[in-house]
Amino acid sequence: MSKLYNHKEVEQKWQKVWDDEKAFAASNDYSKPKFYALVEFPYPSGQGLHVGHPRPYTALDIVARKRRMQGYNVLYPMGWDAFGLPTENFAIKNHIHPKIVTKNNVEKFKGQLHSLGYSFDWDREINTTDPNYYKWTQWIFLKLFKAGLAYKKEMPINWCTSCKVGLANEEVVNGVCERCGSEVVRKVKSEWMLKITEYADKLIDGLDGVDYIERVKVSQKNWIGRSTGAEVDFNVAGTDDVLTVYTTRCDTLFGATYMVVSPEHPYLDKYKDRIKNFADIEKYREEAAKKSDFERSELAKDKTGVEIDGLKAINPVNGKEIPIWVSDYVLMSYGTGAIMAVPAHDDRDWEFAKKFDLPIIQVVAKDGEEVDVNAAAFTDVATGVLINSDFLNGLSVNDAKAKMIEFLNEKKIGHAKVNYKLRDWVFSRQRYWGEPIPIVECPKCGFVPIDESELPLLLPEVESYEPTDNGESPLAAMTDWVNTTCPCCGGPAKRETDTMPQWAGSSWYFLRYTDPTNENALASKEALKYWLPVDWYNGGMEHTTLHLLYSRFWHKFLYDQGVVPTTEPYQKRTSHGMILGENGEKMSKSRGNVVNPDDIVEDYGADTLRTYEMFIGAFDLAASWSEDGVKGCRRFLERVWKLQEILVDGDEYSDDLKGEMHRTIKKVSFDFENLKYNTAIAAMMSLINDFYKKNAVNKAEYKTLLTLLNPVAPHITEELWQIIGGEGRLYQQTWPEFDEALTVESTVEIAVQVNGKVRATISIGKDDPKDAVLAKAKEAIADKFSGNIVKEIYVPGKIVNIVMK
RNA sequence: GCGGAAGUGUCGGAAUUGGCAGACGAGCAAGACUAAGGAUCUUGUGAUGGCUACAUCGUGAGGGUUCAAGUCCCUUCUUCCGCACCA
């Protein structure tokens, strides 16, 4: 009898061995083939690790461990994205320095990750709050500033009433703050902005060259929202001014029957003397201003608006005078804040025209046939042909667009124009626990970057971390820190007191792992050249339009600056599904369905938790937790353990299991690389079931099984390797090879169908000729003949189908 | 509304190119070993009817293509996620 499987003893033992042996340190030998696996580094919150964390971490740990066994120099690093609001809020509440809070949380997280046996290279651990790290975050900011991509702007921002901080559009979810859930209002503030819009095209086009799962690419493209159209100038009757609109359908210009401007449009004030009903418009504006963006879109269904009395526009293609309306369905923040309305061919304009009884003129017909535009707008581009449009008549929509743009250029009343939904990135936070922005404001010289030699610009010690009531950062109260001299003229000047958002440190962290202690650069050229791009990056879908887009932007900028050698940071991006509670709902304290990974490690072991999280279901789909499922995986590992009892000698696979061994190696190898961890584990379960059926496993078979299982359950397999006298360490072994020829069975059971229904099965050799197989098949179904055979189908090695009539 | 994903036993989920639907796990049932079993082992387990080695039905619903459809095509319903008046 073998001794019992004691997961605690086994796991502690091997975790210590791996630490002592520095088993998973990435080598600086740049001549070896490399593999850089990356998972999103966690925010070390006070709650500790969630059971959701181990899912992606285990998945890439499996790949990393497998690749090491295949001879790659693997970099699989971990660190801490430790700036952030929860830490600061905790610090405020408990009067503990966020530095201390962070240190404690990191310790806890690290202990938890360690207990799960991940093969992270802990020598490369990084922390975004470490001055030696944020020195380079600030350095990148200075580069951006010097390149004109960081600028300060007075603008209405999303202001979280509870966090007292400005938020990026991406951080406002359903009208509330993504982090705290409080109401978000508009507030005008002077904020640092990053010109991510400058990289909009590169961010879209770069997606063609990378291997991201499709939904990530689609989301990013939609988020950037590139649209190609035209800007057209409409004369404002009786003035020298033009009202410029943006349209993607300049082909429909002859159908424009009115215009609409946004309530914030500057012309309203400019021409207030000419507008007879200015009081009405003023009232409408006030109502619109009261609504948040969220409410405005919530009320989307019902169009509202006011006609401007006293201001008309001239349609530049036919000289007709048309009315101008004000409505909040036109946004100041997109395009020009004004549109031409073509109710016959745009759903929103159609609704508006119906409500206010405005004329609808058809200028596009379906395949040349007029349609009833009084019933609904006709918006199909593919079948549209222009009518009632002078020189465009008879052209397809696309041809008409081209011709119209030619016309606009010629007459100098418009031009082609690309627009984006993407907005510039609000980069200021009025908070303490973030990277100080290394800029000085001088009354003479304006905004001046501090000298690179002064980096890092350290976060000063303050008395209180509370944001000030006027919305300024706690740093603003530190007068002796704020008051400084201008690096440019030497005169008195003030430091910027806003800090960077949490996304700053995470936008480049994968670069630092390649050379984490470098004091002269964010990483050496050699290290970057060798390790980049990240070969495989896994992370949450929720970061698709935030972190993932931001870090691609910074990386592309750094490439343009000659800092990094690749245009894209990540070659491959995958995403995992969420782990839900037993009841199928999201885990949360209030629902009482939270599972603590520590408890699972304690009761069942890290190997069981790892195996279970990989077995739980398709990696990219959400899955519900099940304690019974955990038990099943523990049972599987117990059965692997107890194979010792039926172990026999043998240096080669036994004949009866040879095929299955090779098939299992093939399947596991393939599945580990293709996010199919659940079926890989199922294959190994099947294999051991067969060992038990046979009541024997030989040493060669056992060793292969242990090697295949090692990436999933590293501790128990390493222990068993030692028990059965395997050489060296299991983690140092070579990944098993399979022989394709041996994965194919020489005899196979195939089904014989009659008219598509299975009526018998026969056993055939894989190379048996068609005639022989068909003869055998017919024999097997001899008693089922009914009529004449009209067709005989044999798919080699798969199936026979006899069609009778 | 637009975009994406998904609908398969009691449950989680399998099923390279269309080729024996339900792998693997859980649950349940019966049996074995037991003082005991919430341990372990064995067997069974889609539904319906004969109730043994047999047939029919069966992958959200309805059509279609095919010798053959969970898989391909059309129509439609439901759920989840993301975006949301982007001109």
Side-chain angles (χ1 to χ4, degrees), chain A residues 173-174 213-219 221-223 225-227 229-230 245-250 252 259-260 262 293-294 296-303 327-331 333-342 345-349 351-352 419-423 541-542 544-545 577-578 584 611-612 615-618 620-633 635-636 638-639 642 667 670 674 676 678-687 689 692 749-761 790-804:
Chain A
V173 176
N174 290 343
I213 51 171
E214 199 52 31
R215 55 196 175 124
V216 169
K217 287 192 183 185
V218 169
S219 296
K221 277 184 197 161
N222 289 345
W223 188 262
R226 176 162 66 190
S227 83
V245 301
Y246 174 73
T247 175
T248 55
R249 290 295 303 276
C250 63
T252 62
M259 301 183 80
V260 187
S262 127
D293 269 7
F294 179 59
R296 251 161 97 156
S297 54
E298 271 293 276
L299 301 166
K301 323 296 165 235
D302 204 19
K303 297 266 183 295
S327 174
D328 63 5
Y329 84 92
V330 175
L331 309 175
S333 56
Y334 184 78
T336 61
I339 60 156
M340 64 174 203
V342 184
H345 306 292
D346 181 279
D347 292 324
R348 296 152 304 181
D349 297 345
E351 259 179 60
F352 193 83
N419 261 337
Y420 304 91
K421 288 191 213 174
L422 186 68
R423 300 272 88 91
M541 272 313 283
E542 70 273 22
T544 302
T545 52
M578 232 194 312
T611 306
Y612 173 64
F615 189 62
I616 192 168
D620 57 336
L621 299 179
S624 301
W625 187 265
S626 152
E627 179 107 16
D628 282 331
V630 176
K631 285 180 189 157
C633 289
R635 214 170 287 164
F636 164 59
E638 298 263 10
R639 280 162 65 82
K642 283 194 286 195
K667 175 145 189 70
F670 178 84
N674 289 281
K676 299 174 72 148
N678 53 340
T679 49
I681 291 167
M684 290 187 270
M685 287 173 169
S686 283
L687 182 64
N689 287 346
Y692 278 108
E749 289 272 311
I750 65 163
V752 179
Q753 298 182 331
V754 175
N755 292 341
K757 299 210 161 140
V758 180
R759 286 292 180 262
T761 56
V790 287
K791 203 165 183 183
E792 295 172 351
I793 289 149
Y794 173 51
V795 181
K798 289 274 167 72
I799 205 160
V800 172
N801 192 7
I802 310 287
V803 185
M804 291 189 219

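Below, read A as the first sequence line, B as the second, and so on, with proteins coming before strands; counting in each chain starts at 1.
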Distance between the P atoms of C83(B) and C74(B), in whole angstroms? 29 Å
Pairwise C1' distance for U17(B) and G13(B), with rounding to whole Å: 23 Å
Opposite nucleotide pairing with G1(B), Watson-Crick or G-U, both atom distances under 3.5 Å: C83(B)
Identity of whatever pairs with A15(B) - Watson-Crick or G-U, under 3.5 angstrom: none
Scan K676(A) against the nucleic acid and name what it touches under 4.0 Å (heavy atoms): base, sugar-phosphate only, or nothing. sugar-phosphate
Respond yes when some side-chain nitrogen or oxygen of K421(A) is under 4.0 Å from OP1 or OP2 of C2(B), and no when none is. no
Taking only the side-chain heavy atoms of R759(A) (C-beta and beyond), determine which of G19(B), U56(B), U40(B) contains the nearest atom. U56(B)
Under 3.5 Å for both donor-acceptor distances, Watson-Crick or wobble: does U34(B) have a partner, and if so which one? none
Nearest-angstrom distance, P atom, G58(B) to A6(B): 24 Å
Of the nucleotides C85(B), A14(B), U17(B), which one has an atom closest to the side chain of K303(A)? C85(B)
From A87(B), C85(B), G3(B), nucleotide with atom closest to V218(A) side chain: G3(B)
When every non-hydrogen atom of V803(A) is compared with those of N755(A), the smallest separation belongs to CA-OD1, 3.3 Å
Does a distance-only test, which skips hydrogens and angles, find a donor-acceptor pair under 3.5 Å between the side chain of K642(A) and the base of U40(B)? no
Which nucleotide, A87(B), C57(B), A15(B), lies nearest any side-chain atom of I339(A)? A87(B)
Per N678(A) side chain, nearest of listed nucleotides A68(B), G13(B), A87(B): G13(B)
Looking at C83(B), I'd like to know if its phosphate oxygens (OP1 or OP2) sit under 4.0 Å from a side-chain N or O belonging to S219(A). no
Determine, for F352(A) and K303(A), whether the Lys NZ or Arg CZ falls below 6.0 Å from the six-membered ring centre while staying within 45 degrees of the axis. no
Can you tell me the base-pairing partner of A39(B)? Count Watson-Crick or G-U wobble geometry only, both distances below 3.5 Å, and say none if there is no partner. none
Ignoring backbone atoms, test whether Y329(A) places a side-chain nitrogen or oxygen under 4.0 Å from the OP1 or OP2 oxygen of A87(B). no
Has K791(A) got a side-chain N or O lying under 4.0 Å from the OP1 or OP2 atom of C67(B)? yes
Under a 3.5 Å limit on both distances, the Watson-Crick or wobble mate of G46(B) is C57(B)
Establish, with yes or no, whether the OP1 or OP2 oxygen of G82(B) is under 4.0 angstrom from a side-chain nitrogen or oxygen of R215(A). no
